[in-house]
Amino acid sequence: MTMSTARSSHPATTPGSTLQIPDSTLRRLAGPLRLRTMPGRIRAAALAAVLAVAALFAVTSSVVGDARDGLQVIGHGAGPQVVATGDLYFALSDMDAQLANVLLIGKEQDLGVGRAQALNVYQQRRAQADKAVLQASDLAGKDPAGQRTVQAVLDGLGQYERLASQALLLDGQAGHAAGPPPQQVIDLHRQATDLMKLDLLPKAYNLTLDSGTIVRRTYESKHSSVQDGRVWVVSTGLLVIVALLSLQMFLSRRFRRLINPALALATLGTLVLIVVSVGLLSAEASHLQKAKKDGFDSILALSRARAISNSLNADESRYLLDPGRADTYEQVYLDKSQSILYVPAGNLDKYYTGVDAGLTTYNAGSYKVPFLGFYGEEARHITVDRQGGAVSTLLTTYQKFQQDDRRLRQLVGSSKPRDAIEVRMGRTAGSSIHDFDDYDRALVSLIGIHRNTFDAAIRDGDGALNGWNWLLPGAAVVIAALVLVGVRPRLSEFR
């Protein structure tokens, strides 16, 4: 046996490879695609077209998956978690507000809603806070950091309830008239409210921030992917069309037939698939943007504003309840008010004047908004139906509440604490709690408008994706099958 014969008897190898393939196998695999023969060229062109169709399917499927993932996180995952943790923050802040109201009323039953009803409202807020903590725990799932924060809130809430219960017990035993309770009660209230403001509320807000960060990152990633994905879908689709047209022209030139019906249908089907896919992705990008920008962002900001509003509402009761800290509560009230609606002011008198002046010149829907803060941002972005009117109502009721606060503090300054308490606790128009309730309803109504916008965007986005799990692969299979059907008669002529 010669050396060349010996070499030809060994399997084919490639340098550095452990895989050995016999020469006969290589010849059988390459046979159908031999480009020197007409059948081989037809098979190669058809294979190229089918591979291009597979690439179009893979790219489109990936981008549609990004859209679906974005809707899942924003609409059904972290987004609803933000709403739930916002409810927790509100329940905690309003629970502390109700405690201050109960202690301020004292034994009187004919002031405002009366002590019994005020205690009932406090118990309702306490139950809501307990429920919200448990819901936040469920939503935290297996996230260790989230569970630790929830557990810390739960522990702190238990400590707060013990301090509040002691204060309520001693306050009831004292039987004092409306106004500051005994010093021992004030001391317990200070401990409770400090625990709420310095420990519980920041931790509750951290839960909201964590979920909000997930929503923001998901939106930035998926919205960008969907937008960029449209370019990839068009590019890959054009590649398919070029492959199909090239195959069509090749067959027409070689076999003297004007048009191949199957390939023409495959080309038309590809064009339709491209147009429909790009339209879907454009719609999904719009739904994601609407859910995030017009829904979620406003819900998050306004829910935060509502919680702060309840806290500054309670600061009025704390101001009357604890004269030793009156100056502190007054400054805190100003700081919270400016975070909600900011106008330059070094004290409350200037703030009242600035609010009146700013709201007098404000026109709904105008981009020239003369104030900042949560409501300034909201007023600058009137983007959904009924939002403009709701914002105007909100600002009007907020202004009225601030006017009540001015009157209350003027009465305190005039040494008329009893009259100030009646302005605070009254249940008729012109009293602080009554007008705050109107303001809170206006705020809840505005949040509801954005919540409806959010829900509608998520619902429309989910609805548009229905059926694409089978429609997209089905379309790819049909187009590929049409390519094979189109070349089959030509190949049969060589048998």
Side-chain angles (χ1 to χ4, degrees), residues 59-86 208-235 237 274-305 364-367 369 372 374-391 445-469 471-472:
V59 169
T60 307
S61 179
S62 175
V63 182
V64 169
D66 285 336
R68 183 176 284 110
D69 291 343
L71 289 171
Q72 178 62 34
V73 172
I74 296 173
H76 308 289
Q81 288 182 22
V82 170
V83 176
T85 53
T208 303
L209 289 178
D210 290 343
S211 298
T213 299
I214 294 173
V215 170
R216 178 178 55 81
R217 290 177 178 173
T218 300
Y219 170 77
E220 291 174 352
S221 172
K222 300 305 181 181
H223 185 262
S224 177
S225 296
V226 172
Q227 286 189 313
D228 295 342
R230 294 178 299 183
V231 177
W232 285 102
V233 169
V234 171
S235 300
I274 294 171
V275 172
V276 173
S277 297
V278 171
L280 171 72
L281 295 176
S282 296
E284 290 302 302
S286 177
H287 293 321
L288 282 172
Q289 183 175 17
K290 196 171 189 64
K292 172 64 166 55
K293 301 291 187 181
D294 297 339
F296 176 84
D297 287 348
S298 293
I299 293 171
L300 182 61
L302 294 175
S303 296
R304 174 70 169 157
S366 172
Y367 290 99
V369 178
L372 301 173
F374 289 114
Y375 295 162
E377 187 69 18
E378 178 73 10
R380 285 180 180 82
H381 296 87
I382 306 297
T383 56
V384 300
D385 291 341
R386 300 186 296 114
Q387 182 187 0
V391 169
S445 176
L446 180 57
I447 293 174
I449 290 173
H450 288 290
R451 182 59 189 267
N452 291 337
T453 300
F454 175 82
D455 291 341
I458 296 299
R459 185 172 57 250
D460 292 344
D462 288 338
L465 292 176
N466 285 340
W468 274 81
N469 286 333
L471 179 61
L472 186 57

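All of these numbers come straight from a predicted model, not from anything done at the bench.
Arg380 places a side-chain N or O within 3.5 Å of a backbone atom of Val369 that can act as its donor or acceptor partner. Remark: side-chain polar atoms of Ser286 are not paired, donor with acceptor, to backbone N or O of Ser282 under 3.5 angstrom. Panel note: side chain Glu284, backbone Ala464; no donor-acceptor pair is recorded below 3.5 Å. Checked by atom type and distance alone, the side chain of Ser235 pairs as donor or acceptor with a backbone atom of Val231 at under 3.5 Å.
A distance of 10.5 Å separates NE2 of His450 from CZ of Arg386, quoted to the nearest 0.5 Å. The line from OG of Ser277 to CG of Leu471 is 8.0 Å long, rounded to the nearest 0.5 Å. Note that CG of Leu302 and CG of Leu446 are 5.0 Å apart. Values are rounded to the nearest 0.5 Å. Taken to the nearest 0.5 Å, the OG1 atom of Thr453 stands 8.0 Å off from the CG atom of Asp385. Distance CD1/Ile449 to OG/Ser298: 10.5 Å, rounded to 0.5 Å. Considering CD1 of Ile299 and CG of Asn452, their distance stands at 9.0 Å, rounded to 0.5 Å.
Counting heavy atoms from C-beta outward, Asp297 and Lys292 have side chains that approach closer than 4.5 Å. In this structure, the side chains of Ile74 and Phe454 come closer than 4.5 Å at one or more pairs of heavy atoms. Within the 4.5 Å cutoff, the side chain of Leu280 has heavy atoms near those of the Leu465 side chain.
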Checklist entry - Could you go step by step and tell me if Thr383 and Asp294 meet the side-chain hydrogen bond (donor to acceptor under 3.5 Å, both in side chains) rule? => result CA-CA 7 Å; Thr383 56; Asp294 297 339; 3.0 Å; yes
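Residues satisfying the ring-ring contact (aromatic ring centres under 6.0 Å, His included) criterion with Tyr219, sequence neighbours excluded, are His223. Scanning for side chain to side chain contact (heavy atoms under 4.5 Å, CB included) contacts around Val276 gives Val272, Trp468, with sequence neighbours left out.
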Under 3.5 Å, side-chain donor or acceptor atoms of residues 62-72 against the rest of the protein: list the pairs with distances, not counting sequence neighbours.
from	atom 1	to	atom 2	distance (Å)
Asp66	OD1	Lys222	NZ	3.4

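Side chains of His76 and Asp462: a donor-acceptor N/O pair is present below 3.5 angstrom, by distance only.
The number of heavy-atom neighbours closer than 6.0 Å to CG of Asp455, taken from other residues, nucleotides and ligands shown, is above 12.
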